[in-house]
Amino acid sequence: MDIMLLQMEISSLQREVEMKTTAEPWTVTRILKDPSLRLPIFLVCIIQFGQQMSGINVVFYYSNSIFRDAGLGITGAQYATLGTGVANIAMALVSVPVMSSLNRRCVLLTSIYLCLGCLSVLCISILLIHLSSSMPIVCTVTVLAYVVFYGIGLGPIPYFIGSELFDIGPRPVAMALGSVFNWGGNFIVGMMFPTIESIIGAYTFLIFVGFLLILAQIVRIYLPETRGRNTMDVAASVSQGFKSRPNYVGVA
């Protein structure tokens, strides 16, 4: 199967080279004006943006303060932060065989829902931190679980899903736009979290839960399965914009 996919990709590249001398170059304006590309460009951008709005960088930017607020103390917070880094590296290694053997859409949805659950538990555990001596442990385990579940799908998939939704021509521009939304989300979370957290405390994590709920519904309805499929077939399944229902049999 991998050899077949490689051969299809080579054929696509050869076709692109043949068309390059006569075809109009792909630009941001051309992509945004093309009705058949509206849904895939929306998916690429919203998945990249949603990855950051899941709150993952809150864990890495402010993990020490989160763990201290959870009652772990300075030393405990440092070890817990180290644990999140180790978990993130481990999942980067695990995600390689996962991406090779499991369907993208299923993995992404599973990752989103598991992260959503972890954030909900994290919010509750921080709110109840003074009611039970076990809550700091629950908080730490939940954060580590969140990093693991994020690394399964929500971490890697947004970075390459554009290459499977777009044909060769518009692909570079589409993925560049996705990166803009990714870094835009990163900036928003990094800059606004301290202020919002100082106002509403642990309830800040419910904002991330809300974004993940929205992202899950968009992925469930609009994102086609791309693993093992030709990019031309994938592009055709979402060519009708938001009228497309690529995951419903018998619906165009």
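Count residues from 1 along the sequence. Predicted model, so just to flag it, every value in this text is computed and none were measured.
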- [ ] Kindly indicate whether the side chain of T226, heavy atoms from C-beta on, has any atom under 4.5 Å from the side chain of S163.
- [x] no

Task: Contact check, side chains of F208 and S54, non-hydrogen atoms, under 4.5 Å - done: no

Open item on the list: The test is side chain to side chain contact (heavy atoms under 4.5 Å, CB included); show your working for S237 and D233 and say whether it passes.
Closed with: CA-CA 6 Å; S237 71; D233 295 335; over 6 Å; no

- [ ] Taking the side chain as every heavy atom from C-beta outward, state whether V121 and V138 have any atom pair closer than 4.5 Å.
- [x] yes

Open item on the list: Classify the ring geometry of F242 against Y222: parallel below 30°, tilted from 30° to 60°, perpendicular beyond 60°.
Closed with: perpendicular

Task: Pairwise distance CD1(I124) to OG1(T142) - rounded to 0.5 angstrom - done: 9.5 Å

Task: hydrophobic_cluster_shared for I157 and I218, side chain cutoff 4.5 Å - done: yes

TODO: Give a yes or no on whether Y113 atom OH has more than 12 heavy-atom contacts from other residues, nucleotides or ligands under 6.0 Å away.
DONE: yes

- [ ] State, with a plain yes or no, whether a side-chain heavy atom of V173 is found less than 4.5 Å away from one of F166.
- [x] no

Open item on the list: Hydrophobic clustering (ILVMFWY, side-chain heavy atoms < 4.5 Å, transitive) - are Y150 and V141 grouped together?
Closed with: no

Open item on the list: According to a hydrophobic-cluster definition based on side-chain heavy atoms being under 4.5 Å apart (Ile, Leu, Val, Met, Phe, Trp, Tyr only), do I188 and I200 belong together?
Closed with: yes

Task: Separation between CG of L93 and CG of N88, rounded to the nearest 0.5 Å - done: 10.0 Å

TODO: For residues Q52 and N57, determine if any side-chain heavy atom of one lies less than 4.5 Å from a side-chain heavy atom of the other.
DONE: yes

Task: Heavy-atom closest contact (P97 atom, S101 atom, distance) - done: O-OG, 2.8 Å

TODO: Go through the steps to decide whether M91 and V94 satisfy the test side chain to side chain contact (heavy atoms under 4.5 Å, CB included), and finish with yes or no.
DONE: CA-CA 5 Å; M91 291 313 300; V94 171; 4.1 Å; yes

Open item on the list: Within the structure provided, determine whether I152 and S95 are in side-chain contact (heavy-atom separation under 4.5 Å).
Closed with: no

Task: Cluster check V219, Y159: I/L/V/M/F/W/Y, side chain < 4.5 angstrom - done: no

- [ ] State, to 0.1 Å, how close R220 and R105 come at their nearest heavy-atom pair, and which atoms those are.
- [x] O-NH2, 2.5 Å

Task: N/O donor-acceptor pair under 3.5 Å between Y146 side chain and I56 backbone - done: yes

Open item on the list: Working to the nearest 0.5 angstrom, can you tell me the gap between L109 CG and L223 CG?
Closed with: 8.0 Å

TODO: Supply the atom-to-atom distance L165 CG to F160 CZ, rounded to the nearest 0.5 angstrom.
DONE: 10.5 Å

Task: Distance-minimising heavy-atom pair for R38 and K33 - done: NH2-O, 4.1 Å

- [ ] Verify the cluster assignment for I199 and F205: are they in a single hydrophobic cluster under the rule of side-chain heavy atoms below 4.5 Å apart?
- [x] yes

Task: Beyond-backbone contact of N182 with Q51, side-chain heavy atoms, under 4.5 angstrom - done: yes

Task: Over all atoms of both residues, closest heavy-atom pair of P224 and L43 - done: CD-CD1, 4.3 Å

Open item on the list: Does F49 have more than 12 heavy atoms from other residues, nucleotides or ligands lying within 6.0 Å of its CZ?
Closed with: yes

Task: Distance in Å, L127 CG paired with L122 CG, rounded so as to fall on 0.5 Å steps - done: 9.5 Å

Open item on the list: Does any part of the side chain of C118, heavy atoms only, come nearer than 4.5 Å to the side chain of V148, both counted from C-beta?
Closed with: no

Open item on the list: Given 3.5 Å as the limit, does a donor-acceptor pair link the side chain of R171 with the main chain of G162, or not?
Closed with: no

Task: Minimum-distance pair of heavy atoms, taken over all atoms of G178 and V44 - done: CA-CG1, 3.8 Å

Open item on the list: Main chain of L108, side chain of S111: is a donor-acceptor contact present, judged purely on distance under 3.5 Å?
Closed with: no

Task: Between SG on residue C139 and CG on residue L128, distance to nearest 0.5 Å - done: 11.5 Å

TODO: Considering non-hydrogen atoms only, spot the tightest contact between L154 and C115 and give its length.
DONE: CD2-SG, 4.5 Å

